[in-house]
Amino acid sequence: MGKQWKICVLPGDGIGPEVTRQAVKVYQTVADYYRIPAELDEALIGGAALEKEGMPLPMSTLNRCRAADAILLGAVGDPKWDDQSLAMRPESGLSALRAKMGLYANLRPAVSFPALEDVTPLPRSGGFDLIVVRELSGGLYFGDKGIREEDGTRSAYDVESYSEKEIERIARYAFQVASQRRCDLVSIDKASMLESSRLWREVVERIAPQYPQVSLRHLYADHAAMELVRNPKQFDVILTSNLFGDLLSEEAAALTGSVGLAPSASLGYTAIGIYEAVHGSAPLLAGRDVANPVGAILSVAMMLRYTYSLEMASKAVEWSVMETLKRYRTADIASPQFSPVGTEEMGNQVVEQLKKILPSVIPEPSAGAQENPGAKML
Ligand code: NAD
Ligand code: IPM
Ligand code: MN
C-alpha cells in the first residue's frame, strides 16, 4: 500500500464546485476503504482565480498541482469573462495548466449505459464502447495567433501546426491504448485540405507497422462526425488532433444521453494527470443543485485506473454509477418514470452503492501512485 494519497482539487467556475464535491466524496470513500490517508489540497483556477489573484492560472496553483499525485478539476468559464483578452480568459488557465504539466494525451471514453437507453438521442445506438485519444498540447489551440490590420480592415488568424514528434508521441499513445482494447484504431484528420493533417497521416502510417496487432484506418473529420452518429459501435479507439478531438469527444458524450456523463483523463509522461468531466461550467445550472455529477465521478474512476493503477477500485466506481443510474437520474437524463434528483443526492447514491460494491472487489496489493501506461512505452 502507498503511504498517502494527495490530490489537488481545482473546483473552478459555474457547476465545477458542485460536481467536484461529489467526485471528492467518491475519492474519499475509496481512500477510506483502502485505509489510506488522503490529503486534499484545494486551489484556484479559471475565473475564480482571475477574480481573486488577477490571473486564470496563478503560479501557486501550478506549484501545488505539481506537488500532487493527481488533479481533480471541475470546470472553468463564464460569459462574464468573455471580454478578457484570450490569455486572461478562464479557459486559457486550464489550457495552460495542461500544457505546463506536459499532458499531451487526453483520453475521453464514451460508453453507452444500458440503463439510459430511453434517453439516448439515437434510439438504436446502444452497445458502443469507444475512447477518443485527443492530442492536447499542440495544434490549433497552441499555434501562433493574432489580429492584423491592413488598409483599415482587421483579420484574425490561428495557426494549426504539428511537428512529427508531437504526432508520433500521441499516435504511439493511441496504438498502445488500442493494443489494450479491441485493437482497432481510427485516425481522424482532414488530409484532403490541411498540410498538418497530411503530415499527421504520414506519421501515423509510418509507425503503424510497429503495432502489427492493431488495425488502422483513416477517416476525414467530416466523415467521422457523420459516422459517429450513424453507427458509433464501429469505433474502438479514435486518434485525433486537439480541435477535432474537442468536437468529436463531445459528440460522442452526447450519444450516451448527456454531456454531463462523460469523464476524461489528461496524461503525459508521468502518473500525474488531470481528471475532469468533459462538460463545461454550464453557467445556467450553477448553484441550483441540478447538474449531473456523473462525469466528474467517472473521472475519479479514471484517476484510480491511471494514477493509482487500481483497476478494480476503478471498476467499482463505474459499476456503482451504472447501478445508481437504474434508479436515480438528474434532470438532464430524467424521463417520465424518474423524478429527477439533485447533484448532491446523486453523489450520495453513488457513494452508497460504492460502499456496497467495494468489499466484493478483489483486493489490490499496491494502492500507491504509479506510472501510467503511456509513460511506460515512451
Ligand atoms: P457546457 O458544457 O458548459 O454546457 C453545454 C450544455 O450542456 C448546456 O446546455 C449545459 O446546461 C449542459 N451541461 C453541461 N454540463 C452538464 C452537467 N454536468 N449536467 C447537466 N447538464 C450539463 O458548454 P458551454 O455552454 O459551451 O460553455 C460554458 C462555459 O464552460 C464556457 O465558458 C466554456 O468555455 C466553458 N467550458 C469549460 C470546459 C472545461 O472547463 N473543461 C469545457 C467546455 C466548456
Ligand atoms: C474542454 C474544453 C477546453 C478545451 C477549454 C475550456 C480550454 O472545451 O475541456 O474540452 O478546449 O480543451
Ligand atoms: Mn471542449
Side-chain angles (χ1 to χ4, degrees), residues 10-23 45-50 56-57 71-84 86-100 103-108 110 116 119 121 132 134-142 158 240-254 256-266 273-299 321 325 329-334 340-344 346-347:
L10 306 177
D13 309 317
I15 60 170
E18 298 164 63
V19 297
T20 305
R21 256 195 306 280
Q22 309 316 312
I45 193 161
L50 192 62
L57 177 62
I71 296 136
L72 183 63
L73 190 137
V76 297
D78 189 278
K80 72 178 167 212
W81 295 298
D82 282 357
D83 291 339
Q84 294 283 341
L86 259 190
M88 291 307 259
R89 281 186 66 126
E91 293 87 343
S92 298
L94 171 54
S95 175
L97 177 67
R98 292 167 175 167
K100 283 183 188 299
L103 307 177
Y104 63 88
N106 186 207
L107 307 188
R108 295 186 156 189
L116 296 184
V119 287
V132 176
R134 168 192 179 195
E135 200 292 324
L136 197 62
S137 58
L140 193 64
Y141 295 175
F142 288 90
D158 301 271
T240 193
S241 66
N242 204 339
L243 172 69
F244 295 149
D246 193 4
L247 310 186
L248 295 173
S249 62
E250 200 154 323
E251 187 186 343
T256 67
S258 166
V259 70
L261 297 161
S264 85
S266 302
I274 299 180
Y275 299 90
E276 55 175 317
V278 167
H279 65 74
S281 59
L284 296 177
L285 309 185
R288 295 171 43 206
D289 191 41
V290 291
N292 192 335
V294 165
I297 289 170
L298 290 176
S299 300
V321 166
L325 286 173
R329 295 192 188 177
T330 43
D332 54 321
I333 47 174
V341 298
T343 310
E344 180 86 33
M346 193 70 182

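Starting from 1, each residue takes its place in the sequence as its number. Note that ligands are numbered from 1 as they come in the structure, with each ligand's atoms numbered from 1 the same way. Just so we're clear, the structure is a prediction, and the values are computed from it rather than from any experiment.
For atom 20 (C) of ligand 1, the nearest protein heavy atom is under 4.0 Å away. Proximity of atom 11 (O) of ligand 1 to the protein is indicated by at least one non-hydrogen atom lying closer than 4.0 angstrom. In this structure, atom 6 (C) of ligand 1 is not in close contact with the protein, since no protein heavy atom lies within 4.0 Å of it. At least one protein heavy atom sits closer than 4.0 Å to atom 15 (N) of ligand 1. Shown here, atom 33 (C) of ligand 1 is in close reach of the protein: a heavy atom of it lies under 4.0 Å off.
For the residue pair L298 and L261, the shortest heavy atom distance occurs at CD1-O, 3.5 Å. G138 and N242 make their closest contact through O-ND2, 3.0 Å (heavy atoms, listed as atom of the first residue, atom of the second, distance). The minimum heavy-atom distance between I333 and G257, with the atom names listed, is CG2-O, 3.9 Å. A pairwise comparison of heavy atoms in D78 and P283 identifies OD2-CB, 3.6 Å as the closest pair. Summarising the geometry of P90 relative to G47, their closest heavy-atom pair is CB-N, 3.4 Å, with the distance given to 0.1 Å. Nearest heavy atoms, R108 versus S249: NH1-OG, 2.8 Å.
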Give the C-alpha distance, both sets of side-chain angles, the deciding distance and a yes or no for side-chain contact (heavy atoms from CB on, under 4.5 Å) between L285 and R288. CA-CA 6 Å; L285 309 185; R288 295 171 43 206; 4.0 Å; yes
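Looking at S92, its side chain never comes within 3.5 Å of a backbone N or O of M88 through a donor-acceptor pair. A side-chain donor-acceptor contact under 3.5 Å links T20 to the backbone of G16. Between the side chain of E18 and the backbone N or O of G287 there is at least one donor-acceptor pair closer than 3.5 Å. Panel note: side chain S299, backbone E276; a donor-acceptor pair is recorded below 3.5 Å.
For D83, the CG atom is loosely surrounded, since the number of other residues' heavy atoms within 6.0 Å does not exceed 12.
Heavy-atom proximity to D332, at under 4.0 Å, picks out these atoms of ligand 1: 19 (N), 20 (C). Listed by number with element, the atoms of ligand 1 under 4.0 angstrom from any heavy atom of E276 are 41 (N). Close approach of ligand 1 to H279 is summarised as follows: ligand atoms under 4.0 Å from at least one heavy atom of the residue are 2 (O), 14 (C), 15 (N), 18 (N), 38 (C), 39 (C), 41 (N), 42 (C). The ligand atoms of ligand 1 that sit less than 4.0 angstrom from a heavy atom of D78 are 32 (O). Interface of L285 with ligand 1, defined as ligand atoms under 4.0 Å from a residue heavy atom, comprises 11 (O), 20 (C), 21 (N), 22 (C). Taking every non-hydrogen atom of A75 and a distance limit under 4.0 Å, the qualifying atoms of ligand 1 come out as 40 (O). Applying the 4.0 Å criterion to heavy atoms of E91 picks out, from ligand 1, the atoms 31 (C), 32 (O), 33 (C), 34 (O). Taking every heavy atom of G260 and a limit of under 4.0 angstrom, the matching atoms of ligand 1 come to 17 (C), 18 (N).
Of the listed residues (G16, S281, G77), the one carrying the non-hydrogen atom nearest atom 30 (O) of ligand 1 is S281. For the residues G74, A282, G280, the heavy atom positioned nearest atom 36 (N) of ligand 1 is part of G280. With distances taken over non-hydrogen atoms, the option nearest atom 35 (C) of ligand 1 out of V76, D13, N292, I274 is V76.
Where the criterion is an N or O separation shorter than 3.5 Å, residue side chain and backbone included, R89 fails it with respect to ligand 1.
The protein heavy atom nearest to atom 13 (N) of ligand 1 is V259 CG1, 3.9 Å.
Ligand 1 is approached by P283 to a heavy-atom distance shorter than 4.0 Å. For the ligand labelled ligand 1, residue L284 lies outside the 4.0 Å heavy-atom shell.
Sorted by chain and number, the heavy-atom contacts of ligand 2 below 4.0 Å come from E91, R98, R108, R134, Y141, D246.
Neither the backbone nor the side chain of L73 comes within contact range of ligand 1; no heavy atom lies under 4.0 Å.
A distance of 9.5 Å separates OG1 in T256 from CG in L325, rounded to the nearest 0.5 Å.
Considering L136, L10, L97 as possible partners of I274, the one that fulfils the side chain to side chain contact (heavy atoms under 4.5 Å, CB included) test is L97.
Excluding water, every protein N/O/S atom under 2.8 Å from the Mn ion (ligand 3) is given here by residue and atom: D246 OD1.
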